[in-house]
Student: 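Quick one: the structure is below, and I'll ask about it shortly.
Here the structure is a predicted model, which means the values were calculated and not measured. Just so it is clear: chains get the letters A, B, ... in the order the sequence lines come, proteins before strands, and each one is counted from 1.
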Amino acid sequence: MHRALISGIAIAILCSVVGLFLVLRRYSLFGDAIAHSSFGGIALGLLAGVYPLWTAYGVSIVSALIITKIKKKYNISGDASIAVLLSSGIAVGLVIIGLSGGFTIDIFSFLFGSILLVSVDDTVLILALTGIILIVILSLYRQILYSTFNEEQAKVSGIPVEKINYLIIFMAGITVVTSIQLVGVLLISALFVIPNVTAIMYGRGFKQTAIISMSFSVFSVVVGILTSYIFDITPAGTIVLISIGLLGGTMGIKSAGLLSRK
Amino acid sequence: MSIVEITNLTVQYPDVKALDDVSFTVNQGDFLGIIGPNGAGKSTLFDAMLSLNTKYKGTIKFFGEDIRKSKNYLKEIGYVPQKPIFEKNFPATVNDVVRMGLRNESDENKIDEILQQLWIHELSNRRIGELSGGQLQRVFIAKALVNNPKVLILDEPVTGIDQQSIELFYSILRELNSKQKITIIWSSHDLDAVNKLANHVACLNRTLFFHGISEKFFSDDELVKQYSEASMQEHMHHH
Ligand SMILES: Nc1ncnc2c1ncn2[C@@H]1O[C@H](COP(=O)(O)OP(=O)(O)OP(=O)(O)O)[C@@H](O)[C@H]1O
Ligand SMILES: [Mg+2]
C-alpha cells in the first residue's frame with residue numbers, strides 16, 4: 001500500500017509535467033499512441049522470454065522516435081501520425097500473440113494497471129526515472145518551454161529545437177511505459193491531459209500552472225488509490241474519475257464567472 | 001563595417017521563384033527599410049537570412065562569415081516575426097515570454113528595464129493570449145531585445161495596429177537605432193514611414209528594384225512612381 005502510494009505520487013508528478021508540454025504542443029493523444037505501441041513491446045517480451053516492461057520501453061521509445069522522424073520528413077499531421085503509431089503497435093502485438101499461439105498474460109492488469117501490486121524493484125525504478133526526467137526538464141527548462149511556445153522563434157534564438165523535440169518524445173515514451181503500472185494502457189491519456197487542461201484554466205504563468213497541475217494530479221492519484229483500496233476496485237477508474245471531477249468542477253466555476261486568475 | 005552581405009540570393013519555391021538574384025549589403029548602424037508589395041519576397045528573404053530556410057542559392061554573410069558555416073551569428077540577432085504564432089491559451093505571462101528569449105540567466109534585471117522601455121511593464125503579469133495586437137507586438141520586440149542584439153530584424157510588424165501604437169512603435173525603433181546603435185532591418189508596406197525612419201531603402205519585388213540611401217529614392221519621383229506602378233501591377237496580378 002505504501003509502495004502503491006509512493007509510486008503513484010511519483011507517476012502523477014511525472015505525467016503532469018511531461019503531459020503539460022504535450023498538451024501545449026497539441027500532442028494530447030501522443031501518450032495514448034505510445035501506450036498502444038507498448039502493447040507490441042510487451043507481446044515481444046513475452047515471446048522472447050524477457051521481462052515485458054523492458055521490451056515495452058524499447059519498442060515504445062523507438063517507434064515514437066521513428067514516427068516523429070517520418071512525420072517530419074513526409075509532413076504528416078500530428079493526429080494522423082498518432083493514429084499510425086497507435087494502430088501499428090496493437091497490430092504488431094496481435095500478430096506476435098497469434099504467431100506464438102497466444103499466451104496467458106495478465107492482459108487485464110496491462111490494460112487497466114495494477115499499482116496495488118507494485119514491487120519494491122518497480123517502485124525504485126519509478127522513483128529513479130521520475131527523478132532523472134524531472135532533473136532533465138529543470139535543467140533544460142527554458143529551451144523546452146521556448147520550443148513548445150514557438151518552434152520558429154526558438155530556432156532563430158539558437159535553440160536546437162529538433163533535438164529538444166526528440167528529447168520530449170523520448171521522455172514521453174519512458175513516462176508512458178512507467179505509468180502503465182498505475183492506470184494501464186487505456187487510461188494513460190487521462191493522466192497526461194486532464195490535470196493540465198484543468199490547471200491551464202487557473203494558472204496565469206507557466207510555473208504556476210505546472211504546480212497547480214501537479215497538485216491536481218497527485219490529489220487524484222492519492223484519493224483514487226485510497227478509495228479503490230477501501231472499496232476493493234481497480235484504482236485506474238477512480239483516479240481518472242476524480243481528475244475528471246476536478247475538471248468538471250473547474251468548468252462549472254468558470255462558467256459561473258467565479259474564476260479570476262490570481 | 002558590413003553587417004550583412006547578400007550576394008546573388010535566389011529562392012525557388014515549388015511554384016514560384018520568390019527571390020531572383022538579389023544582392024545588397026547592410027552596414028553597421030544602418031536603418032534599412034525593405035519595401036515591396038504582398039508576395040514580393042520580404043518574408044522569404046528573412047527566412048533565408050535567419051537560416052529558417054536553407055534551400056537558397058547564393059551566399060549570405062553575417063559579420064563577414066557565411067551563415068551556412070556557422071549559426072553563431074544568430075546570437076547577435078533579434079527577430080520579430082510578421083505574425084507571432086502561439087497557442088491562444090498558452091499559460092505564460094508577458095514576463096515568462098520575454099524571459100524565454102533570455103540566454104543568460106544573470107541578466108535578470110535587463111527584463112524589467114526593457115519592459116519599461118517598451119511601455120509594457122504594467123502588463124508583465126498578464127497572460128500572453130489576452131493582449132491586444134499592439135501590446136503583443138511590443139512584447140515580441142522586448143523578447144527580441146533581451147540579449148542586446150547587434151541587429152534587429154522586423155517583418156512588417158504594424159498591420160492591424162492603431163495609429164497611436166504605431167507612432168509609439170516607430171519612436172521606439174528610432175531610439176534603438178540612434179541611441180543604442182542597433183542596426184535595423186525592417187520590412188514595411190508604409191512608404192511614408194520608411195521615408196521618415198529609415199536611412200536606407202531596398203525595394204523588393206522578386207528582384208531588387210532599388211537599393212541605396214533613402215533620400216535618393218524618395219527624392220527621385222520617377223523612381224517612386226516606377227515602384228508604385230510595379231507594385232500596383234503586381235497587386236492587380238494577384239487579384
Ligand atoms: N513556404 C512557401 N512555400 C511556397 N511558396 C511560398 C512559401 N512562402 C512564400 N511563398 C511564395 O513566395 C512568394 C513570396 O512570399 P513572401 O511571403 O516572401 O512575400 P512577402 O513579401 O513577405 O509578402 P507580404 O507582404 O504579404 O508579407 C509568394 O508568391 C508566396 O506565395
Ligand atoms: Mg511577409
Student: Please determine, by modelled atom types, if A:Ser213 and A:Asn196 share a side-chain donor-acceptor pair under 3.5 angstrom.
Tutor: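 Present: a donor and an acceptor within the cut-off.
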Student: So, do B:Val4 and B:Asp30 sit near enough that their side-chain heavy atoms are less than 4.5 Å apart?
Tutor: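 Heavy-atom side-chain distance check fails, nothing below 4.5 Å.
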Student: Who among B:Phe90, B:Phe140, B:Tyr79, B:Phe86 has the most heavy-atom pairs with chain A under 4.5 Å?
Tutor: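 That would be B:Phe90.
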Student: Looking at B:Lys110, I want to see if its NZ is surrounded by more than 12 non-hydrogen atoms of other residues, nucleotides or ligands under 6.0 Å.
Tutor: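 It does: B:Lys110 NZ has more than 12 such atoms within range.
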Student: Could you walk me through whether B:Tyr170 and B:Trp186 pass ring pair (Phe, Tyr, Trp, His ring centres under 6.0 Å), step by step?
Tutor: CA-CA 11 Å; B:Tyr170 287 162; B:Trp186 164 51; 5.7 Å; yes
Student: Is it the side chain or the backbone of B:Val94 that comes within 4.5 Å of chain A heavy atoms, both, or neither?
Tutor: neither
Student: With a 4.5 Å heavy-atom cut-off, do A:Leu247 and A:Met201 have their side chains touching?
Tutor: yes
Student: Out of A:Thr209, A:Asn150, A:Val156, which one racks up the most heavy-atom pairs below 4.5 Å with chain B?
Tutor: A:Val156
Student: Sort out for me which of B:Asn95, B:Thr93, B:Asn72 touches chain A most, counting heavy-atom pairs under 4.5 Å.
Tutor: B:Thr93
Student: Sort A:Gln153 into side chain, backbone, both or neither according to what part of it lies under 4.5 angstrom from a heavy atom of chain B.
Tutor: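 Contact with chain B: side chain only.
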Student: Measure distances from B:Asn89 to the heavy atoms of chain A and classify the residue's part below 4.5 Å as side chain, backbone, both or neither.
Tutor: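 It is both, since atoms from each part get that close.
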Student: With ring pair (Phe, Tyr, Trp, His ring centres under 6.0 Å) as the criterion, how do A:Phe149 and A:Phe206 come out once you've worked through the C-alpha distance, each side chain's angles and the decisive distance to 0.1 Å?
Tutor: CA-CA 11 Å; A:Phe149 182 72; A:Phe206 190 80; over 10 Å; no
Student: Among B:Val97, B:Leu74, B:Leu50, B:Ile128, which has the most heavy-atom pairs under 4.5 Å with chain A?
Tutor: B:Leu74
Student: How about B:Arg174 and B:Leu197: do any of their side-chain heavy atoms sit closer than 4.5 Å?
Tutor: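 A side-chain contact exists here, since the closest heavy-atom pair is under 4.5 Å.
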Student: Need one label for B:Arg99: side chain, backbone, both or neither, based on atoms under 4.5 Å from any heavy atom in chain A.
Tutor: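 Looking at B:Arg99, just its backbone touches chain A.
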Student: By a 4.5 Å heavy-atom criterion (distance strictly below it), what part of A:Arg25 contacts chain B: side chain, backbone, both, or neither?
Tutor: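 When you check distances to chain B, no heavy atom of A:Arg25 falls under 4.5 Å.
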